[in-house]
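Values in this document were obtained by computation on a predicted structure and should not be read as measured data. Heads up: numbering here begins at 1 and tracks the sequence.
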Amino acid sequence: MNTLIFLIAHEPLASALRECALHVFADCASDLCALDVQADAPPDQTLEHARDLLQDCGKRPVLVLTDLFGATPCNVARRLAEALAHARLVTGVNLPMLLRAVSYRAETLDLLVQRAVVGGTQGVMQVAVGAPEPGMPLP
């Protein structure tokens, strides 16, 4: 049974990340859910919306990925994850983290968390940039 990956982030990040993942892994739609948190939405209303989205997941393990620790999406995600029997929460979501999680969604929840965090951290790096090529305009 695949883990459900639930993205909760500031609007429009959750949906945008989901669309990027579907671009790479077209078969993951049923394992990937997204909730964009609007700036003026009350946290309790957002939590109810998140619960509604998860109603059909049954007893599947859930990996909740959120964007920013301490912000409303993370606070809602924490309350949601605490209420689920088999859930983990990781904050600081980025595309490399999400793609790694999707790639390994059939593994155990604990191993999936490790792989997602490693994917997210390894995806952040400085890239050496040389001199612009002749004829290329400068920014």
Side-chain angles (χ1 to χ4, degrees):
M1 169 180 356
N2 286 344
T3 295
L4 177 69
I5 300 167
F6 191 16
L7 297 158
I8 302 177
H10 291 91
E11 182 184 36
L13 185 58
S15 293
L17 285 170
R18 184 178 189 274
E19 290 304 312
C20 288
L22 290 174
H23 177 77
V24 178
F25 298 102
D27 67 333
C28 75
S30 64
D31 296 326
L32 192 54
C33 185
L35 174 59
D36 289 315
V37 178
Q38 298 183 9
D40 59 349
D44 288 337
Q45 178 183 342
T46 302
L47 179 60
E48 284 306 312
H49 191 203
R51 286 180 179 148
D52 290 344
L53 288 172
L54 286 179
Q55 273 189 335
D56 295 332
C57 82
K59 297 184 188 230
R60 291 171 69 180
V62 179
L63 174 59
V64 183
L65 301 176
T66 188
D67 54 354
L68 184 64
F69 180 77
T72 299
C74 182
N75 295 336
V76 168
R78 179 182 287 173
R79 290 173 59 193
L80 180 70
E82 287 173 348
L84 298 171
H86 302 288
R88 299 291 184 279
L89 172 62
V90 176
T91 188
V93 68
N94 58 26
L95 188 56
M97 177 187 291
L98 176 58
L99 294 179
R100 181 73 60 96
V102 170
S103 295
Y104 292 101
R105 67 191 184 274
E107 294 191 4
T108 66
L109 186 54
D110 289 331
L111 188 54
L112 180 59
V113 168
Q114 290 175 6
R115 291 194 186 273
V117 170
V118 167
T121 56
Q122 287 180 347
V124 177
M125 66 188 82
Q126 181 179 359
V127 177
V129 180
E133 293 182 30
M136 294 292 293
L138 294 175

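- At a threshold of 4.5 Å between side-chain heavy atoms, the hydrophobic network of Ile, Leu, Val, Met, Phe, Trp and Tyr places Phe6 and Leu47 in one connected group.
- In this structure, the separation between CG on Leu80 and OG1 on Thr46 is 11.5 Å, given to the nearest 0.5 Å.
- Following chains of ILVMFWY side-chain contacts shorter than 4.5 Å, one can reach Leu84 starting from Leu4, so the two form part of one hydrophobic cluster.
- We find the CG-CD distance between Leu109 and Gln114 to be 10.5 Å, quoted to the nearest 0.5 Å.
- Hydrophobic clustering (side-chain heavy atoms under 4.5 Å, transitive across Ile, Leu, Val, Met, Phe, Trp, Tyr) keeps Leu54 apart from Val113.
- Residues Pro61 and Arg88 have side chains not in contact (no heavy-atom distance under 4.5 Å, counting atoms from C-beta outward).
- The CZ atom of Arg100 sits 12.0 Å away from the CG atom of Leu98 when rounded to the nearest 0.5 Å.
- Nearest heavy-atom pair, Cys33 versus Leu53, reported as atom, atom and distance to 0.1 Å: SG-CB, 3.9 Å.
- Formation of a donor-acceptor pair under 3.5 Å by the Asp67 side chain with backbone atoms of Ala9 is not found in this model.
- Leu112 and Val117 fall within a single hydrophobic cluster, where Ile, Leu, Val, Met, Phe, Trp and Tyr side chains are chained together by heavy-atom contacts under 4.5 Å.
- Leu65 and Leu99 fall within the same hydrophobic cluster, where Ile, Leu, Val, Met, Phe, Trp and Tyr residues are linked whenever their side-chain heavy atoms come under 4.5 Å apart, directly or through other members.
- At a threshold of 4.0 Å, the pair Arg79-Glu82 does not count as salt-bridged, since none of the basic side-chain nitrogens sits closer than that to a carboxylate oxygen.
- Minimum heavy-atom separation, Leu35 to Ala14: O-CB, 3.3 Å.
- Arg115 CZ: more than 12 foreign heavy atoms inside a 6.0 Å radius.
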Quiz: residues 24-31 side-chain donor-acceptor pairs under 3.5 angstrom, not counting sequence neighbours:
| from | atom 1 | to | atom 2 | distance (Å) |
| --- | --- | --- | --- | --- |
| Asp31 | OD1 | Arg60 | NH2 | 2.5 |
| Asp31 | OD2 | Asn2 | ND2 | 2.9 |
| Asp31 | OD2 | Arg105 | NE | 2.7 |

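- Summarising the geometry of Leu7 relative to Leu32, their closest heavy-atom pair is CD1-CD1, 4.0 Å, with the distance given to 0.1 Å.
- Distance check, rounded to the nearest 0.5 Å: OG1 of Thr108 to NE2 of His86 gives 12.5 Å.
- Within the model, atoms CD1 of Ile8 and OG1 of Thr72 stand 11.5 Å from one another, a figure rounded to the nearest 0.5 Å.
- Put simply, CG on Leu68 and CG on Leu13 are 10.5 Å apart, with the number rounded to the nearest 0.5 Å.
- Nearest approach of Ala116 to Leu63, heavy atoms of both residues: CB-CD2, 4.3 Å.
- Here the closest non-hydrogen pair linking Val93 and Met97 is CA-SD, 3.7 Å.
- Here the shortest heavy-atom pairing between Leu89 and Cys74 reads CD2-O, 4.2 Å.
- Other members of a hydrophobic cluster containing Phe69 are absent, since no ILVMFWY side chain comes under 4.5 Å of it, directly or through relayed contacts.
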